[in-house]
Amino acid sequence: MERSEQELVRRANLEKIRELGIEPFPAATFAVTHLAKEINKTAEFAEDNLSTNLTEVTVAGRVMAQRIMGKAAFASIQDSSGRVQIYVSRDDIAPGEDKALYNTLFKKLLDLGDFIGVTGHVFKTRTGETSIHVKEFTFLGKSLRPLPTPKTDDEGKVHDAFNDPEQRHRMRYVDLTVNPQFKEIFRKRSRLITAMRSYLDGLELMEVETPILQTIHGGAAARPFKTFHNTLDMPMYLRIANELHLKRLIVAGFDGVYEFAKDFRNEGMDRTHNPEFTLLEFYVAYKDYEWMMDTCEALLEFSVKTVNGGETTTVKIGDNTIDFKGPYRRLTMADSIMEYTGEDINDADEDALRAICKRLHVHTDDSMGRGKLIDEIFGEHVEAKLIQPTFITDYPIEMSPLTKKHRSKEGLVERFELIINGKEIANSYSELNDPIDQRERFEEQAKLAARGDDESMPMDEDFLRALEYGMPPTAGIGIGIDRLVMLLTGQKSIQEVLFFPQMREENLEK
RNA sequence: GAUUCCUUAGCUCAGCCGGUUAGAGCAUCUGACUUUUAAUCAGAGGGUCCUGGGUUCGAUCCCCAGAGGGGUCACCA
């Protein structure tokens with residue numbers, strides 16, 4: 001492997017540090033007393049700016065900038081909270097005859113990206129920047145590759161930004177080091193999940209884990225990843241959903257269960273799809289989809305407030321401000337189509353629907369049944385227009401093989417999707433718990449499979465057996481966590497809300 | 001999967017309608033500098049111009065194929 005000039009210099013510096021008798025990768029705990037942000041926030045200055053309440057602080061982090069001026073130098077140290085400036089003067093850190101600690105180690109052998117720890121007192125420079133006057137510094141870890149060096153000027157303009165999406169996503173460790181502003185996306189993601197978990201715990205639901213490796217992939221319409229178990233000598237699938245397992249747990253007698261599930265779908269990738277993604281699913285016994293709508297909007301309102309760190313329920317996305325405060329608008333699918341197209345699909349048979357599609361310039365083909373035609377009209381003419389959180393209810397039965405038939409409307413099921421900013425965020429229904437009906441639905445799916453639909457759901461005899469033992473009426477929901485994070489952080493690409501989005505293999509040989 | 005655009009130094013980018021030795025800023029190296037902050041000043045080094053073919057006297061540039069990435073569409077959440 002060819003090494004660049006800068007890498008060779010750093011390796012040489014590494015050896016020279018060892019020659020000074022200093023371990024470049026020390027093992028011992030380093031006792032940090034303050035984060036950079038705390039120092040910048042809590043320092044209170046005396047009149048002369050030379051002394052503060054912070055008479056001795058110890059911080060650690062990467063050296064991100066160095067400004068050396070002969071016998072003194074400034075540097076920026078970056079830790080998890082941000083950056084703080086340090087001031088190093090030769091005679092303070094090397095008071096004796098031997099000035100090697102400053103002249104050799106600090107000035108020559110220290111490279112941008114190296115980890116150091118410093119101890120000193122806090123003061124304010126002539127130009128007004130809070131800084132640590134270093135009296136002791138410790139080498140904590142060498143960086144052998146040069147980091148990109150984005151810089152921000154007086155006007156806030158960023159120069160040399162590290163902004164190539166490929167490099168940022170492949171080397172997230174570099175990205176988040178030099179673009180720490182993106183850390184906030186992941187902090188929000190973490191806060192969102194924590195908030196949702198605490199809300200669901202408050203409902204006395206139990207967090208569970210169910211198999212990712214499955215012999216039958218059920219619970220959604222999608223192509224799975226296939227793998228193989230050597231000892232069992234059988235093919236297995238990575239789960240596309242955990243729905244059927246969570247419902248087995250309702251059969252088992254838990255009143256409510258939830259799981260933040262990594263699911264895997266072997267389909268196209270684009271700005272809203274990654275092969276593995278996170279879905280929160282939860283199921284609650286003795287509830288229906290009406291209850292679930294109430295719960296969903298309460299959960300989201302609570303979670304958005306928590307993520308925003310206050311009472312704010314709004315999020316700005318481009319030109320739109322989305323308000324997660326409930327209650328959300330509820331609209332049946334038929335009414336939504338009436339509202340946005342003026343077409344009445346309520347009593348339309350398949351031929352009538354085809355005529356409507358033609359009028360609306362919706363593309364159709366012969367394989368589409370009634371449900372699919374309605375779904376196409378909705379997808380083409382309604383979905384993108386629903387910006388504020390909206391529950392679309394009462395879906396055609398054909399596309400919902402796990403959903404209970406509507407209690408009063410023929411041909412429909414008790415299902416809703418939550419649409420926000422024109423995108424589906426959640427999908428929920430009154431769960432089908434009639435095992436005889438469920439078996440018929442699976443048989444319908446098998447017919448689709450026989451016609452070549454590779455996304456149809458396979459028959460799951462064990463799941464049917466569970467239902468035959470009896471499942472209480474249950475409401476269930478799946479909420480797309482990645483997409484919700486995209487909304488809350490204003491990101492247009494799913495890659496920006498995943499630490500390590502899927503990418504093709506990189507050739508590192510060269 | 002289809003289509004389109006992109007790939008030049010560690011980073012961000014110029015450039016070459018095909019022509020000696022491929023440029024800049026930051027970063028790096030050498031030197032100066034004890035309150036700087038995109039530190040400054042003086043000097044220097046650094047390149048498989050994504051890869052492989054082809055056309056040509058000559059290709060980083062044109063053509064073909066491939067790799068990787070971005071956008072759009074299709075499938076889907």
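Proteins come first, then strands; the chains are lettered A, B, ... in the order of their sequence lines, and each starts at number 1.
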K.L.:
So A:Ala220, base contact, sugar-phosphate only, or nothing? Heavy-atom distance under 4.0 Å.
P.N.:
nothing

K.L.:
Heavy atoms only, 4.0 Å cut-off, all strands: where does A:Gly480 land among base, sugar-phosphate and nothing?
P.N.:
nothing

K.L.:
Distance under 6.0 Å and angle within 45° of the ring axis: does A:Arg172 meet both against A:Phe186?
P.N.:
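No; the conditions do not both hold, so A:Arg172 does not lie above the ring face of A:Phe186.
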
K.L.:
If you measure from the P atom in B:rG66 to the same atom in B:rG1, how many Å do you get, rounded?
P.N.:
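Roughly 12 Å separates the two P atoms.
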
K.L.:
Has the side chain of A:Asp270 got a donor or acceptor that lies under 3.5 Å from a partner of the other kind on the base of B:rC75?
P.N.:
yes

K.L.:
Tell me whether the OP1 or OP2 atom of B:rG69 has a side-chain N or O from A:Arg170 closer than 4.0 Å.
P.N.:
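Answer yes for this pair, as a side-chain N or O of A:Arg170 is under 4.0 Å from OP1 or OP2.
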
K.L.:
Taking Watson-Crick (N1-N3 plus N6-O4 or O6-N4) and G-U wobble (N1-O2, O6-N3), each under 3.5 Å, can you produce the dot-bracket string of RNA chain B? Use [ ] for crossing pairs and | for inter-strand ones.
P.N.:
(((((((..((((.....[...)))).(((((.......))))).....(((((..]....))))))))))))....

K.L.:
Could you check whether the side chain of A:Gln85 and the base of B:rU36 have a donor-acceptor pair of N or O atoms closer than 3.5 Å, going by distance alone?
P.N.:
yes

K.L.:
Pick base, sugar-phosphate or nothing for A:Asn266, based on heavy-atom distances below 4.0 Å to the nucleic acid.
P.N.:
nothing

K.L.:
When all nucleic acid strands are considered with a 4.0 Å heavy-atom cut-off, which category describes A:Ala222: base, sugar-phosphate, or nothing?
P.N.:
nothing

K.L.:
Just N and O in the side chain of A:Arg67: are any of them under 4.0 Å from OP1 or OP2 of B:rU36?
P.N.:
no

K.L.:
Ignoring hydrogens and angles, are the base of B:rG45 and the side chain of A:Glu5 linked by a donor-acceptor pair under 3.5 Å?
P.N.:
yes

K.L.:
Scan A:Arg271 against the nucleic acid and name what it touches under 4.0 Å (heavy atoms): base, sugar-phosphate only, or nothing.
P.N.:
sugar-phosphate

K.L.:
So which protein N/O to nucleotides 31-35 of chain B N/O distances come out below 3.5 Å?
P.N.:
residue	atom	partner	partner atom	Å
B:rG31	OP2	A:Lys108	NZ	2.6
B:rC33	N3	A:Ile68	O	3.3
B:rC33	N3	A:Gly70	N	3.2
B:rC33	N4	A:Gly70	N	3.4
B:rU34	OP2	A:Lys71	N	3.1
B:rU34	O2	A:Tyr87	OH	3.1
B:rU34	O4	A:Asp91	OD2	2.8
B:rU35	O2'	A:Arg126	NE	2.9
B:rU35	O2'	A:Arg126	NH1	3.4
B:rU35	O2	A:Arg126	N	3.1

K.L.:
Please check the phosphate of B:rC29 (OP1 and OP2 only) for any side-chain N or O of A:Gln6 closer than 4.0 Å.
P.N.:
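It does not, given that no N or O in the side chain of A:Gln6 lies less than 4.0 Å from OP1 or OP2 of B:rC29.
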
